[in-house]
Amino acid sequence: MDFIIEAVLKAVKHLYQTDITADSVNLQETRKEFEGQVTIVTFPFIKFSCKSPEQTGAEIGEYLKESLPQIAAFNTVKGFLNISLTDTYWIDKLYQEILPEDFAVFKPNGKKVMVEYSSPNTNKPLHLGHVRNNLLGFSLAQILSAAGYEVIKANLVNDRGIHICKSMLAWQLYGNGETPISTGEKGDHLVGKYYVIFDKEYKKEIEFLKSEGQTEDEAKKNAPLIKSAQEMLQKWEAGDEEVINLWKTMNTWVYDGFGKTYNRLGVEFDKFYYESNTYLLGKDIVEEGLAKGVFFEKPDGSVWIDLTADGLDEKLVRRSDGTSVYITQDLGTAQLKYDDFDVNESIYVVGNEQDYHFKVLFLILQKLGKSWAKGLYHLSYGMVDLPSGKMKSREGTVVDADDLIDEMEKTAKEQTEALGKVNGSTEEEKLHLYHTIGMGALKYFLLKVDPKKRLLFDPNESVDFQGHTGPFIQYTHARIKSVLSRAEVDFTNQIDITALDAVERDLIVVLTQYPAIVSEAASSHNPALIANYIYELAKTYNKFYHEKSILQAEDGLLKIFRLQLSSASAKVISKGMALLGIEVPERM
RNA sequence: GGUCCCAUAGCUCAGCUGGAUAGAGCAACUGAUUUCUAAUCAGUAGGUCUCAGGUUCGAAUCCUGAUGGGAUCACCA
């Protein structure tokens, strides 16, 4: 559309002897209720045209129509100049841009980006909150890759710490040697069960101590269980063989379980980092910060950074006993990531409860003068809430990821069977289809919403399969494929056609927007833009499908043209959904 | 208390680099299937865009303040 903006600049110069910049030309899509496809807002021009908005629009419109053959007509409504481009312009778009293989294939931009997501704790199974994280991270990685980046998907596994010791200890005390094999339970669920048991027993101890007259805080500190867990952590850090072996064993169970869930979610990683390897990192950065005078030491030996000038607080980076805190590790890990992959950008997909942490982290790295600090980005997303409030693993009030996926597949099966359209498929094909549709519904449900907004999930109200949903889009794809499969003509060559109906034109207009949407989703780190665009596309296609016959088109050329248009739509739907990590079926 | 995020139809959400009569879906109601998949399409109804100011030719959008909701401000991670 740049050629229109250029022409407007010329028009303004010619008509009003005024030079304006390209970004002062407000070009937008014409609203559906008006004639045209592109609209220029002419209000800003009346200052120097010294005429009414309508007149100004008409003059510019006249000039544009004279100078640009692509313009068929124009009309003005108040300060809006609506331009209709010729049908041949749109037909050319279809043949020159959309149908060729390289449509929306971005050239490599030479930049490398790491997307860190998932980052689970190895003491409990994944829940709905993690699902949102995983889907966002994976989708963002797909989008960045499509936009020309080289992407490294990383997972920093939280495999050590007091919370891990809690489930280990509870298993030791109450587990009777249970294993995933002996119980048939998925490893992460088995370990998670003991995490919950720990909390239950711990609470009992606290109550008991309180009944003996201790305060809440005292009881929490003095409970035998928490003391044992702390002891265990110390043994772990000291490399105690028995503890390490137990830790390794239980982690293996968890990884096995996570692997299965990741698989079902359709997410993957190129690089795993383990906190057990990285938790001691960052000490040299503390030294570096002290040497540079960015950090300062307090009399008790603790090391701090003063961020009050930046509107933040003083932040501890090393304890008085010389040990690290959370942010120290993260400083070290950030450096490690950069050293490992030499990335230009590094994205952290982490919930918004850590907004402050990342603000501080990035600021510290900037103050340390790290050249790569400006490429750091925190993709902060909102919590997933239940009607009953926040999910808490410890209390078992979570929507478990595996259960949820089961539920989605079950619903997909019921819906599909009720419609009875795929009765001819094999059992294996059907199972795959139920998975595809169920996950399509879930993924779309979670990804269509702006990441930063909190999300309400009501387990009693199943995720919809109709309307603005994943299955709606999948259905549109299957429907197109069905038509294409019935076409007994070769529809690969450009055919000679010069006129379009409104629905056909609308569809081409929407299709041409796809590459710009991908760029925008990449630069704003927002998969929801893709999700909402694809919905718009599917809706536009369905309207076209209803109004126009494809296989029974009025003549042979038109039939081929509509098949091509359908094929292009299926392609873009499929590509766009892939960016969300959603498969589209051939039949459903 | 300081800081950050959110507030649009009964519900779930778009729209936010200022532009036309604020859009979808769900739920409710009406209609469309001898014709390519009705998980579809067309329509009816549903709005003081939380409130109050300000900037502007023009504000859901920008600014200030208030209200409501959430998060965060650990020698926890």
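By convention in this document, chain letters (A, B, ...) are assigned in the order of the sequence lines, proteins followed by strands, and residues within each chain are numbered from 1.
With a 6.0 Å cutoff to the six-membered ring centre and a 45° limit on the axis angle, A:K298 counts as a cation-pi contact of A:W304. In this structure, A:K337 is positioned above the aromatic face of A:Y348, its NZ or CZ under 6.0 Å from the six-membered ring centre and within 45° of the axis.
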How does protein contact run along nucleotides 70-77 of chain B, one letter per nucleotide 5' to 3', with B for base contact, S for sugar-phosphate only, - for none, heavy atoms under 4.0 Å? SSSS-BSB

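Nucleotides B:A27 and B:C11 place their P atoms 16 Å apart, quoted to the nearest Å. B:C36 and B:G46 are spaced 35 Å apart, taking the C1' atom of each and rounding to whole Å. Nucleotides B:C16 and B:A60, compared at atom C1', are 8 Å apart to the nearest Å. B:U8 and B:A32: their C1' atoms are spaced 32 Å apart (whole Å). Using atom P as the reference point in both B:G15 and B:G54, the two lie 29 Å apart (nearest Å). Going from the P atom of B:A7 to that of B:U35 covers 47 Å, rounded to whole Å. Distance check on atom P: B:U17 versus B:U12 gives 25 Å, rounded to whole Å. As rounded to the nearest Å, B:A59 and B:G1 have C1' atoms that lie 33 Å from one another.
Following rounding to the nearest Å, A:H468 (NE2) and B:G15 (C1') show an atom-to-atom distance of 13 Å. Remark: C1' of B:A14 and CD of A:E520 are 13 Å apart, rounded to the nearest angstrom. Computed from coordinates, the A:L455 CG to B:U12 C1' distance equals 9 Å when rounded to whole Å. In this entry the distance linking NZ of A:K481 with P of B:U40 reads 20 Å, nearest Å.
Taking every side-chain heavy atom of A:K452 into account, B:C6 is the closest of B:C36, B:C6, B:G19. Taking every side-chain heavy atom of A:R486 into account, B:U37 is the closest of B:U37, B:U3, B:A24. Listed nucleotides B:U37, B:A22, B:C26 differ in distance to A:R31; the shortest reach to its side chain belongs to B:A22. With B:C41, B:C26, B:A20 as the choices, the nucleotide that has an atom nearest any side-chain atom of A:K543 turns out to be B:C41. Considering only side-chain atoms of A:Y545, the nucleotide from B:A38, B:A20, B:G25 that sits closest is B:A38. Listed candidates were B:U3, B:C36, B:C57. Nearest to the side chain of A:I550 is B:C36. Checking B:C41, B:U37, B:C16 against the side-chain heavy atoms of A:K453 singles out B:C16 as nearest. With B:C41, B:G19, B:G15 as the choices, the nucleotide that has an atom nearest any side-chain atom of A:F80 turns out to be B:G19.
At a threshold of 4.0 angstrom between heavy atoms, the contacts of A:S566 with the nucleic acid are absent. Here A:T416 lies in heavy-atom contact (under 4.0 Å) with a base. In this structure, A:P44 reaches the bases: a heavy-atom distance under 4.0 Å links it to at least one base atom across the strands shown. Contact annotation for A:K359: backbone-only contact, meaning every heavy-atom pair under 4.0 Å involves sugar-phosphate atoms and none involves a base. Residue contacts for A:F34: at a heavy-atom cut-off of 4.0 Å it reaches a base atom on one of the strands shown. A:V41 comes within contact range of at least one nucleobase, with a heavy-atom separation under 4.0 Å. Contacts of A:F43 with the nucleic acid, taken as non-hydrogen atoms under 4.0 Å apart, include base atoms.
A side-chain donor-acceptor contact under 3.5 Å links A:D355 and A:S380. Side-chain atoms of A:Y381 and A:N133 form a donor-acceptor pair, as typed in the model, at a separation below 3.5 Å. Of the N and O atoms on the side chains of A:S320 and A:S302, not one donor lies less than 3.5 Å from an acceptor on the other residue. Between the side chains of A:S566 and A:Y541, at least one donor N or O sits under 3.5 Å from an acceptor N or O. A side-chain donor-acceptor contact under 3.5 Å links A:S276 and A:D159. Side chains of A:Y279 and A:E237: no donor on one and acceptor on the other come within 3.5 Å.
Side chain A:N82 to base B:A20: a donor-acceptor pair is found below 3.5 Å.
Using bins of under 30°, 30° to 60° and over 60° for the plane-to-plane angle, the ring pair A:W247/A:W236 lands in the perpendicular bin.
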